[in-house]
Chemist: 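Can you keep this structure in mind? I'll have questions shortly.
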Amino acid sequence: MQRQRLLGAIIVILVIVGLVLFLRGDQTQEEKQTTSEGEGIRIEDVVSDLSKQLGVTVPEDVERASLSDVGGSGASGLATRKYEDGTFTHTLLAALPDLMPGKFYQGWLIRGAEGDENYEIISTGQMRQSKGGYLLEFSSADDLRDHAKVLVSLESVNDKTPETQVLEGSF
């Protein structure tokens, strides 16, 4: 129950972070790129401030990646991953538009670039709606840290191919 509250609070944080970043339209292009790629500390500062305000702790022992909107919907998200004691865990938290009937959001981990010999794309499953956002929790006995790209797609068919890309980012 406490874990659900924590995840719900993290989703609320992400929605607020998305709004703050959206409303900061006065950023230079370089600042926007740094923030959207998750390489700068600006988004971390915002998450930290909101965590304090809401009394929620975002785990520090996980790798984080900011997910950028690629579909023009204003979506935003955060991906985490960790490999410990033989288990790879991956979480997606996202502020996404409401779904139309028959559609769902799906998470993906990608290694390499399409056409490369080592290219691989793995579905991490369908995202579920949770307290004002969408959530996906994935775990595997395989160490998937070499799958550095994260993708969220809008789907109508549950297959092994992403349909409409909505969010993307990299660890």
Side-chain angles (χ1 to χ4, degrees), residues 7 10-25 27-51 58-83 88-97 99 104-116 118-130 132-140 142-155 160-171:
L7 290 174
I10 290 172
I11 290 171
V12 169
I13 290 169
L14 288 173
V15 170
I16 294 170
V17 168
L19 288 172
V20 168
L21 293 176
F22 177 75
L23 294 174
R24 288 187 44 100
Q27 292 177 321
T28 66
Q29 186 62 30
E30 181 179 326
E31 288 172 321
K32 287 181 182 179
Q33 184 176 7
T34 301
T35 301
S36 67
E37 291 177 1
E39 294 174 2
I41 56 173
R42 175 165 285 131
I43 195 162
E44 294 299 320
D45 290 342
V46 173
V47 170
S48 175
D49 291 345
L50 293 172
S51 295
V58 177
E60 292 185 24
D61 65 340
V62 296
E63 289 182 78
R64 300 177 196 169
S66 174
L67 303 180
S68 302
D69 181 9
V70 294
S73 66
S76 62
L78 175 72
T80 67
R81 71 177 180 179
K82 182 176 181 178
Y83 184 73
F88 176 84
T89 56
H90 168 63
T91 303
L92 290 175
L93 303 164
L96 296 163
L99 290 166
F104 60 94
Y105 291 113
Q106 186 156 342
W108 306 86
L109 290 173
I110 303 169
R111 178 182 64 207
E114 195 167 357
D116 289 352
N118 72 337
Y119 176 78
E120 182 178 36
I121 185 165
I122 296 173
S123 169
T124 55
Q126 293 184 22
M127 299 187 77
R128 63 181 167 86
Q129 196 164 17
S130 176
Y134 288 84
L135 168 69
L136 174 115
E137 296 173 294
F138 172 81
S139 64
S140 174
D142 297 327
D143 182 357
L144 299 174
R145 289 178 290 179
D146 60 346
H147 291 67
K149 185 173 179 181
V150 180
L151 176 69
V152 174
S153 63
L154 177 62
E155 302 286 321
K160 296 184 184 227
T161 306
E163 292 175 30
T164 305
Q165 295 183 12
V166 179
L167 294 172
E168 70 177 19
S170 295
F171 288 100

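This structure is a prediction, so every number in the text was calculated from the model and none was measured.
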Chemist: Look at the side chain of Glu114 and the backbone N and O of Tyr119, then say whether any donor-acceptor pair between them is shorter than 3.5 Å.
Modeler: no

Chemist: Take Phe88 and Leu109, measure what side chain to side chain contact (heavy atoms under 4.5 Å, CB included) needs, and give me the verdict at the end.
Modeler: CA-CA 12 Å; Phe88 176 84; Leu109 290 173; 3.7 Å; yes

Chemist: Step by step, work out the side chain to side chain contact (heavy atoms under 4.5 Å, CB included) result for Tyr134 and Leu99.
Modeler: CA-CA 11 Å; Tyr134 288 84; Leu99 290 166; 3.8 Å; yes

Chemist: Quick one, Phe171 and Val150 - any side-chain contact, counting heavy atoms below 4.5 Å?
Modeler: yes

Chemist: Do side-chain atoms of Ser140 reach the backbone of Asp142 as a donor and acceptor pair under 3.5 angstrom?
Modeler: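 Judged by distance alone, yes, a pair lies under 3.5 Å.
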
Chemist: For Ala94 versus Leu167, what's the shortest heavy-atom pair and its separation?
Modeler: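 Shortest heavy-atom contact: CB-CD1, 3.8 Å.
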
Chemist: Quick one: does His90's side chain get under 4.5 Å of Leu136's, heavy atoms only?
Modeler: yes

Chemist: Please name the pair of heavy atoms, one in Val166 and one in Ser73, separated by the smallest distance, quoted to 0.1 Å.
Modeler: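 Minimum heavy-atom contact is CG1-OG, 4.3 Å.
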
Chemist: Can you name the closest pair of heavy atoms from Ser170 and Lys149 and give their distance?
Modeler: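 Of all heavy-atom pairs spanning Ser170 and Lys149, the closest is OG-CA, 3.9 Å.
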
Chemist: For Gln165, give me all partners under side chain to side chain donor-acceptor pair (under 3.5 Å), at least two apart in sequence or on another chain.
Modeler: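 Gln165 satisfies side chain to side chain donor-acceptor pair (under 3.5 Å) with no other residue.
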
Chemist: Quick one, Tyr105 and Leu92 - any side-chain contact, counting heavy atoms below 4.5 Å?
Modeler: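 Tyr105 does not reach Leu92 side chain to side chain.
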
Chemist: With heavy-atom distances below 4.5 Å as the criterion, would you say the side chains of Thr80 and Leu93 are in contact?
Modeler: no

Chemist: Check whether any side-chain heavy atom of Thr161 sits under 4.5 Å from a side-chain heavy atom of Ile121, and report yes or no.
Modeler: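 Thr161 vs Ile121: side chains apart.
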
Chemist: Tell me every residue that passes side chain to side chain contact (heavy atoms under 4.5 Å, CB included) with Ile122, counting only those two or more places apart in sequence or in another chain.
Modeler: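 Scan of Ile122 (side chain to side chain contact (heavy atoms under 4.5 Å, CB included), adjacent residues dropped) gives Glu120, Leu144, His147.
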
Chemist: What residues form a side chain to side chain contact (heavy atoms under 4.5 Å, CB included) with Ser123, not counting sequence neighbours?
Modeler: Gln106, Trp108

Chemist: Side-chain contact test, heavy atoms from C-beta onward, threshold under 4.5 Å: evaluate it for Glu137 versus Arg128 and give yes or no.
Modeler: yes

Chemist: Work out which heavy atom in Ser139 is nearest to a heavy atom in Thr89; give both atom names and the distance.
Modeler: CB-CG2, 4.1 Å

Chemist: Of the non-hydrogen atoms in Met127 and Leu96, which two are nearest, and what is the gap between them?
Modeler: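 Residues Met127 and Leu96, closest heavy atoms: SD-CD1, 4.2 Å.
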
Chemist: Answer yes or no: is there a donor N or O on one side and an acceptor on the other, between the side chain of Arg81 and the main chain of Arg145, under 3.5 Å?
Modeler: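 Yes; judged by distance alone, with no hydrogens or angles, the pair exists.
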
Chemist: Out of curiosity, Gln129 CD to Leu135 CG, how far, rounded to the nearest 0.5 Å?
Modeler: 11.0 Å

